[in-house]
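A, B, ... follow the sequence lines: proteins, then strands. Residue 1 opens every chain.
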Amino acid sequence: MNNEEILKDILRGTVDVVSREELAKKLSSGKKLRVKLGVDPSSRDLHLGHSVVLDKLRQFQDLGHTAVLIIGDFTAQVGDPSGRDATRPVLDAETVAANAKTYTEQAFKVLDKARTEIRFNSEWLRPFMGDQSGRGSDFILTAKSVTMATLLGREDFKARLEAGSPLSLLEILYPVFQGYDSVAVKADIELGGQDQRLNVLMGRDMQKLNGQEPQVVITLPLLVGTDGVKKMSKSLGNYVAFNDQPNDMFGKLMSLPDELMYSYYELLTTEDLAAVKTAHPMEAKKKLAGLIVARYHGEEQALAARANFEQVFSRKELPEEMESYRVEKAGKLSCLMVACGVAKGMNDARRLIEQGAVRLGGEKVSEDIVFEPKECVLQVGRRQFRKLEK
RNA sequence: GGUUGGGUGACUGAGCGGUCAAAAGUAACGGUCUGUAAAACCGUCGGGCUACGCCCUACGAAGGUUCGAAUCCUUCCCCAACCA
């Protein structure tokens, strides 16, 4: 048989091939091909339905290729949902093992044993799914008992689905993983933000499933971010970090809208809210900022941050400390601004000058003058200061 | 694998042969105001220049058509929805 005849033979009785070109190429390459067929040992017997594909596999064997028969002993425990309108009964490991044995025996009624490689997919799927015991994957037992209705009942998932926006499998599975964590650590109580409610509740289900006493779930209100609108989160960039510098932290807190300040008091401090509300808003906010800075940086730093804020923003004076920059030689102010990092580029520098944002030694500069090296303070906007040195 | 719709500046998102460095909104920045780095209002918002103009780089990638392309064609890469 020539290549063309072989190809024709292979194609006979097929419905679809993707792609013919590639098939032809492989067949004519002269290589010994590895042809895979997977079957889940979900019943005792192979039947004629199987024989169609097994025959085709045999055809390849007769051409000298290797049949790789995959016995889906692991996937049989999952249950292939294809074309099913109800969840398949999941088989236990014993039945699967027994079925697998008869499968291989029966398969050799069609296949050439010498050219067949038999593999069980539990070999790799079991470690993949974290089933060390071999007694059945915890993941599967867990995932099986959680219905899509539960998972998709979540407002956020539902909304995304209805809007036709992407929702990945992993995201859907996420609550399951999180719930399983509770089983692993035998949690008695789990805390979480309000938005975590469903995830955390999942832990209870998972625990019950595993014969554990379900954890107590405690959810907490969400802190609104510094933008005053959305919840505080790293990805939204509206957060105050533990590691923020004292002055920054103080400043961010002072920038909160007044209304938001009270919820911060409530959620972050033990202060008496009623008393706070009688105080002057700015005083109250400074106190809040001070309390929080003190918690992360100490009392002393908190006082310094407050002093700095009052000095720079309330009295519009120069801060105690500022970065210094040595000016080597005379040059355009715009160049200098770029060089010492207060402007992103020349255009930006010129723009800032035009907009009246630049001060030299306290005097507003409205033109891109030539700067002669001297000691003075360069201020850009309200927040950026540079101590210029010769 | 098939069908359909897409990939545009920090983000969302218009534009679909010239008037496009690209609408609008958000964010950011500057100014005014203020007890605040809030709100409100005004302005700026690719890079550069010997600067009411000029140059360079940009609309997934690479080619092509055209006097002229984010816009049309080809190939490729990537994403999504739906189908199977």
- Quick one: A:F250 CZ to B:rA38 C1', roughly how many Å, whole number? 15 Å

- Query: Which pairs pass salt bridge (charged side-chain N to carboxylate O under 4.0 Å, His left out) with one or both residues in residues 358-372 of chain A, sequence neighbours excluded?
  - Reply: none

- Task: Determine the interatomic distance between C1' on B:rU4 and the same-named atom on B:rA40; round to the nearest Å.
- Result: 46 Å

Output side-chain donor-acceptor pairs under 3.5 Å for residues 57-73 of chain A, partner residues at least two apart or in another chain, one line each.
residue: A:R58; atom: NE; partner: A:D62; partner atom: OD1; Å: 3.0
residue: A:R58; atom: NH1; partner: A:V110; partner atom: O; Å: 3.0
residue: A:R58; atom: NH2; partner: A:D62; partner atom: OD1; Å: 3.4
residue: A:Q59; atom: OE1; partner: A:K56; partner atom: NZ; Å: 3.1
residue: A:Q59; atom: NE2; partner: A:D9; partner atom: O; Å: 3.0
residue: A:Q61; atom: OE1; partner: A:D112; partner atom: N; Å: 2.8
residue: A:Q61; atom: NE2; partner: A:D112; partner atom: O; Å: 3.2
residue: A:Q61; atom: NE2; partner: A:R115; partner atom: O; Å: 3.0
residue: A:Q61; atom: NE2; partner: A:T116; partner atom: OG1; Å: 2.7
residue: A:H65; atom: ND1; partner: A:L33; partner atom: N; Å: 2.9
residue: A:D73; atom: OD1; partner: A:N121; partner atom: N; Å: 3.4
residue: A:D73; atom: OD1; partner: A:S122; partner atom: N; Å: 2.9
residue: A:D73; atom: OD1; partner: A:S122; partner atom: OG; Å: 3.2
residue: A:D73; atom: OD2; partner: A:S122; partner atom: OG; Å: 2.6

- Message: Distance check, P atoms only: B:rG15 and B:rA23, in whole angstrom units.
- Response: 13 Å

- Query: Can you tell me how far C1' in B:rU8 sits from the matching atom in B:rA22, rounded to whole Å?
  - Reply: 8 Å

- Message: Taking salt bridge (charged side-chain N to carboxylate O under 4.0 Å, His left out) as the definition, give me every residue that meets it alongside A:E317, ordered by chain and number, with sequence neighbours left out.
- Response: A:R315

Let me check something: any side-chain donor-acceptor pairs from residues 211-218 of chain A under 3.5 Å, sequence neighbours excluded? List them with distances.
residue: A:Q212; atom: NE2; partner: A:V183; partner atom: O; Å: 2.9
residue: A:Q215; atom: OE1; partner: A:S182; partner atom: OG; Å: 3.0
residue: A:Q215; atom: NE2; partner: A:S182; partner atom: OG; Å: 3.4
residue: A:Q215; atom: NE2; partner: A:E190; partner atom: OE1; Å: 2.9
residue: A:Q215; atom: NE2; partner: A:V200; partner atom: O; Å: 3.0

- Classified by glycosidic angle (syn within 90° of 0, else anti), B:rC55 comes out anti

- Task: Over 60° means perpendicular and under 30° means parallel, so classify the ring planes of A:Y262 and A:Y265, tilted if in between.
- Result: parallel

- For B:rA10 and B:rG5, measure between their P atoms and round to the nearest Å. 29 Å

- Task: Could you work out the separation of B:rA21 and B:rC45 based on their C1' atoms and round it to a whole Å?
- Result: 12 Å

- Note on the structure: Sorted by position of nearest nucleotide on RNA chain B, 5' first, the leading residue of A:V358 and A:F309 is A:V358

- With rounding to whole Å, what would you report as the distance between B:rC78 and B:rG68 at their P atoms? 32 Å

- Query: Touch check for A:N247, heavy atoms < 4.0 angstrom, all strands: base, sugar-phosphate only, or nothing?
  - Reply: base

- Task: Give the nucleotide from the list B:rG31, B:rC29, B:rA37 with an atom nearest to the side chain of A:A357.
- Result: B:rG31

- Query: Tell me, which pairs form a salt bridge (charged side-chain N to carboxylate O under 4.0 Å, His left out) where one or both residues lie in residues 271-285 of chain A, sequence neighbours left out?
  - Reply: A:D258-A:K285, A:E271-A:K287, A:E283-A:R306

- Query: Once each nucleotide of nucleotides 45-58 of chain B is scored for protein heavy atoms under 4.0 Å, what B/S/- sequence comes out, 5' to 3'?
  - Reply: S-SBS-B-------

- Separation of A:Q355 atom CD from B:rC29 atom C1', in whole Å? 8 Å

- Query: Does NZ or CZ of A:K252 lie under 6.0 Å from the centre of the six-membered ring of A:Y239, at an angle within 45° of the ring axis?
  - Reply: yes

- What's the CZ-C1' distance between A:R306 and B:rA37, to the nearest Å? 16 Å

- For residues 379-390 of chain A, the salt bridge (charged side-chain N to carboxylate O under 4.0 Å, His left out) pairs (sequence neighbours left out) are A:E323-A:R386

- Query: If only atom types and distance count, is the side chain of A:Q311 paired as donor or acceptor with the main-chain N or O of A:L318 below 3.5 Å?
  - Reply: yes

- Query: If you measure from the P atom in B:rG13 to the same atom in B:rU19, how many Å do you get, rounded?
  - Reply: 25 Å

- Message: Tell me the interatomic distance from A:N238, atom CG, to B:rU26, atom C1', rounded to whole angstroms.
- Response: 14 Å

- Atom pair CG/CD of A:N308 and A:Q245 - distance to nearest 0.5 Å: 11.5 Å

- Here the distance between atom P of B:rU36 and atom CG of A:N308, to the nearest Å, is 15 Å

- Task: Considering only atom C1', compute the distance from B:rG46 to B:rC20 and round it to an integer number of Å.
- Result: 14 Å

Polar atom pairs (N or O), protein with nucleotides 33-35 of chain B, under 3.5 Å:
residue: B:rG35; atom: N1; partner: A:D258; partner atom: OD2; Å: 3.2
residue: B:rG35; atom: N2; partner: A:M282; partner atom: N; Å: 3.0

- Can you list every salt bridge (charged side-chain N to carboxylate O under 4.0 Å, His left out) pair that touches residues 344-355 of chain A, not counting sequence neighbours? A:D348-A:R351

- Calculate the interatomic distance between A:L260 atom CG and B:rA37 atom C1'; express it in whole Å. 14 Å

- Give the stems involving RNA chain B, where a stem is 3 or more consecutive Watson-Crick or G-U wobble pairs (i with j, i+1 with j-1, and so on) under 3.5 Å. B:1-7 with B:77-83, B:10-12 with B:24-26, B:28-32 with B:40-44, B:46-49 with B:53-56, B:60-64 with B:72-76

- Message: If the condition is salt bridge (charged side-chain N to carboxylate O under 4.0 Å, His left out), which residues does A:R119 pass it with, not counting sequence neighbours?
- Response: A:E117, A:E123

- Separation of B:rA38 atom P from A:Y264 atom OH, nearest Å, is 14 Å

- With sequence neighbours excluded, tell me which residues meet side chain to side chain donor-acceptor pair (under 3.5 Å) with A:T104. none

